[in-house]
Amino acid sequence: MQFDTPATTNPIDQLKVVGKPIPRIDGQLKTTGRAMYAYEWHDPKLSYAYGYPVGASIAKGRINSMDVSAAKKAPGVIAVVTAPEIGDRKKGKFNTVKLFGGDEVQHYHQAIALVVAETFEQARSAAALIKVSYTEEKGVFDLKEAMKTAVKPDEKQEPDTKAGDFQAAFASAPVTMEETYTTPDQSHAMMEPHASIAAWNGDAVSVWTSSQMIDWWRGDLATFLDVDKEKIHLMSPFIGGGFGGKLFLRVDAVLAVLGAQAAKRPVKVTLPRPLIMNNTTHRPATIQRIRIGAEENGKITAIAHESWSGDQPEGQPETAVNQTRLLYAGANRMTAMRLATLHLPEGNAMRAPGEAPGLMALEIAIDEMAEKLGLDPVEFRIINDTQVDPEKPERPFSHRDLIGCLKLGAEKFGWTGRGKPGARREGNWLIGTGVGAAFRNNMLLPSGARVRLGNDGVVTVETDMTDIGTGSYTIIAQTAAEMMGLGVDKVAVHLGDSRFPVSAGSGGQFGANCSTAGVYAACVKLREAVAQKLGFNSADVAFEDGQVRSGNRSVPLSEAAGSEGLVGEDTIEWGDLDKTHQQSTFGAHFVEVGVDVATGETRIRRMLAVCAAGRILNPITARSQVIGAMTMGAGGALTEELAVDTRRGFFVNHDLAGYEVPVHADIPHQEVIFMDETDPMSSPMKAKGIGELGLCGVSAAIANAIYNATGVRVREYPITLDKLIGGLPDVA
Ligand code: MOS
């Protein structure tokens, strides 16, 4: 199905099933431990062996030699696979650094060997016996130093942008602000570690893994192995979180496949937690400079956002200026990114790449500017709303209700304007409130599905879409149920298998809208097949309560299926509606914090998010996405930071003891409100993404609340107590 004109009324608009708060259809499997995650797959007919990976202990250089003789003789060891003996392999389309093979070391904890043994413990113990001799080379690990040598990234992919004359407008603006903000390297820290099982059968291999994007992984694994894609069967039906860390093929899958080849046995490989943070990807640190100029009345006349980040050679910048191109009006503007070469582990996508760290900076800057202007920060944002792309005013937004989010949020939160910083105190607690705007683009990727109507009246959906904890199973069941006139109990959903039609996958908050639109397209085909089979005119047919009706004829779906059943398969493809119109999602975050006047410890007291993201397909799963994202934003504001050893080039705190993510006690009260809206430009579902929007702007709202509580403006995340304590009143 080609989607190139705005959606009109369609069966989804009935909202008998879609839009309803239906609990996760996979919830019972998960809460009873029966949902099989990658490492748990078990076929009693197979005799599994266990692989334990070894990571490089230098950040840059070459392996001279590896002595694996002791490891090979250790109890239970079946095989040892080393990078030098595997040799240089072709890199996949989506990886910046090589995952495995050859003697070059590109980053710390890059995988250099796998030991396969009868048990996990034997493999781990033998891995410790491997001796490696390296030639270490000097690397660059410090972004502050490296930013001096940063260059313009690929002009085609990430061009500098401008409109009007920023320099002149900024110079003549009556009120201006200019500040620099920093965000640290962050780790996805998903619950389920990267894990894979591989089993060869002749020249074909089956891989159970934990992947957000089945088809990307399959393609890159085929490239690595230099085999036909058809020889690889990839399965990833349940995923314990990804946040972008499982978007691209990872080494656990590669090692499981190589290990199984060497051991001539099925092999299980998981990355040990302490290896993950340096072996895999992370959200790169940024240094961001923001300048804003405005009239006395609060109208922005000039706005500039520049961002510096680093990555491995051939890497990409963190696109932290994205939102500043689109979020606020202002005739004179510029954005630019500069990319430094760093030899830290590969930087890459983490939940809302670009906007998440970009808004951490921009939404503090907006708060600072509002204060300079003597305006309420909610009012200042409303004054500078735009209904068109400010860089290309001929391009309107498809639908934009940032103002609605700010106004409703202010009302529900009880935002009465903020008092002076440091003015509100309850016992030992300094209390403050803060606001931040949320913004994230809505991306459209092709997505396919197959739907089968059986003679039992059950519709089975098959697509290689993944559910990374987001609720894909449920919203896909709701979509098929709505289209076919059934309840979700009459829909079976099978996901995450490379034998199914290629979907959009889970990433960039495009999964929900795109994958359900693909299921919609397949159901349109199935409805046609049913109508045709019954000799109904497909324009005049209704699917209701398990029946197909046309005129005064009514046939149960189970009967229409016939003994063979009927199948519909299609892929949704996108026209120009995301080029002629800017498709984005919007929100407003309101936060109240307390800061302990003696210790500088910050406690979040309450959080509210109001989101405008098109049709909400399921308010339960959507809310879970947003509160999870708000929690992640609390981590970003207060605790999360990969500490860089700038001499040896690695992240020091590479486990969940050292890298602190929020726990329940950190998050006392969260509320989420969805604006009641649809976006007919986005898809036949009229929905947009929500999974990343919830993270965008929330850390800045917390930072702004801390400033309001204490009068201390911290511009370097995370806002730990050492950055506050010097500015707090003397209580001794
Ligand atoms: Mo997302 S960072 O595209 O999983």
Side-chain angles (χ1 to χ4, degrees), residues 93-96 157 183 185-194 209-217 220 236 238-250 276-277 280-286 309 311 315-320 322-323 345-360 438-447 464-472 495-496 503-515 578 583-585 613 621 624-626 628-629 631-633 635-636 640 642 661 688-699:
K93 212 161 114 190
F94 296 106
N95 293 118
T96 297
Q157 278 187 349
T183 64
D185 296 287
Q186 293 181 335
S187 185
H188 307 84
M190 74 293 281
M191 193 85 97
E192 180 202 24
H194 305 262
T209 189
S210 186
S211 160
Q212 297 176 226
M213 306 291 289
I214 300 287
D215 195 56
W216 291 3
W217 283 52
D220 275 2
S236 182
F238 294 102
I239 299 150
F243 307 124
K246 296 171 183 170
L247 272 178
F248 311 108
L249 179 67
R250 299 256 47 98
I276 290 179
M277 290 174 182
T280 67
T281 61
H282 65 282
R283 189 200 300 283
T286 65
S309 60
D311 200 5
Q316 297 152 8
E318 177 67 25
T319 52
N322 273 355
Q323 70 291 319
E346 176 182 342
N348 214 315
M350 180 170 141
R351 198 175 196 173
E355 281 97 328
L359 284 160
M360 285 169 81
F439 174 94
R440 171 75 174 150
N441 283 328
N442 187 56
M443 284 183 271
L444 301 174
L445 273 73
S447 198
D464 85 354
M465 178 62 187
T466 49
D467 188 326
I468 62 174
T470 37
S472 310
L495 302 181
S503 72
S506 297
Q509 82 169 8
F510 51 70
N513 179 48
C514 296
S515 73
D578 63 338
Q583 296 193 13
S584 304
T585 60
T621 55
S624 292
Q625 282 298 291
V626 179
T631 304
M632 204 168 192
E640 289 185 44
L642 286 167
V661 298
K688 292 190 281 199
I690 191 81
E692 298 185 331
L693 178 67
L695 172 59
C696 295
V698 65
S699 300

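Start at 1 and go down the list; that is how both ligands and their atoms are numbered.
Every atom of ligand 1 with a heavy atom of Glu692 under 4.0 Å away is listed here by number and element: 1 (Mo), 2 (S), 3 (O). Residue Gly508 approaches ligand 1 through these ligand atoms, each under 4.0 Å from one of its heavy atoms: 1 (Mo), 3 (O). Within ligand 1, counting atoms from 1 as listed, the ones closer than 4.0 Å to a heavy atom of Gly507 are 1 (Mo), 3 (O), 4 (O). Set against the non-hydrogen atoms of Pro353, the atoms of ligand 1 under 4.0 Å away are 2 (S). Of all the atoms in ligand 1, the ones that sit under 4.0 Å from a non-hydrogen atom of Arg351 are 2 (S). Residue-ligand proximity, Phe243 to ligand 1, at heavy-atom distances under 4.0 Å covers atoms 2 (S), 4 (O). Taking every non-hydrogen atom of Ala349 and a distance limit under 4.0 Å, the qualifying atoms of ligand 1 come out as 2 (S).
Checking side-chain atoms of Ser236 against main-chain N and O of Gly496 turns up no donor-acceptor pair under 3.5 Å.
Residue contacts with ligand 1: Gly244 is placed with a nitrogen or oxygen under 3.5 Å of a nitrogen or oxygen of the ligand (distance criterion only). For ligand 1, none of its N or O atoms has an N or O atom of Ala352 under 3.5 Å away.
Every heavy atom of Gln509 sits 4.0 Å or more from the atoms of ligand 1.
Comment: Glu692 does not engage Arg351 in a salt bridge, judged by the lack of any side-chain N to carboxylate O separation of less than 4.0 angstrom.
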Inset, instruction - Run the numbers on Thr286 and Glu318 for side-chain hydrogen bond (donor to acceptor under 3.5 Å, both in side chains), then give the verdict. - result: CA-CA 7 Å; Thr286 65; Glu318 177 67 25; over 6 Å; no
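Using a 4.0 Å cut-off between heavy atoms, Met350 contacts ligand 1 through its backbone alone, with no side-chain atom that close.
With respect to Asp467, the side-chain contact (heavy atoms from CB on, under 4.5 Å) criterion is satisfied by exactly one of Thr621, Ile239, Leu495: Leu495.
No side-chain donor-acceptor contact under 3.5 Å links Thr466 and Gln212. Checking Gln509 against Thr585 by side-chain atom types alone, a donor-acceptor pair falls below 3.5 Å.
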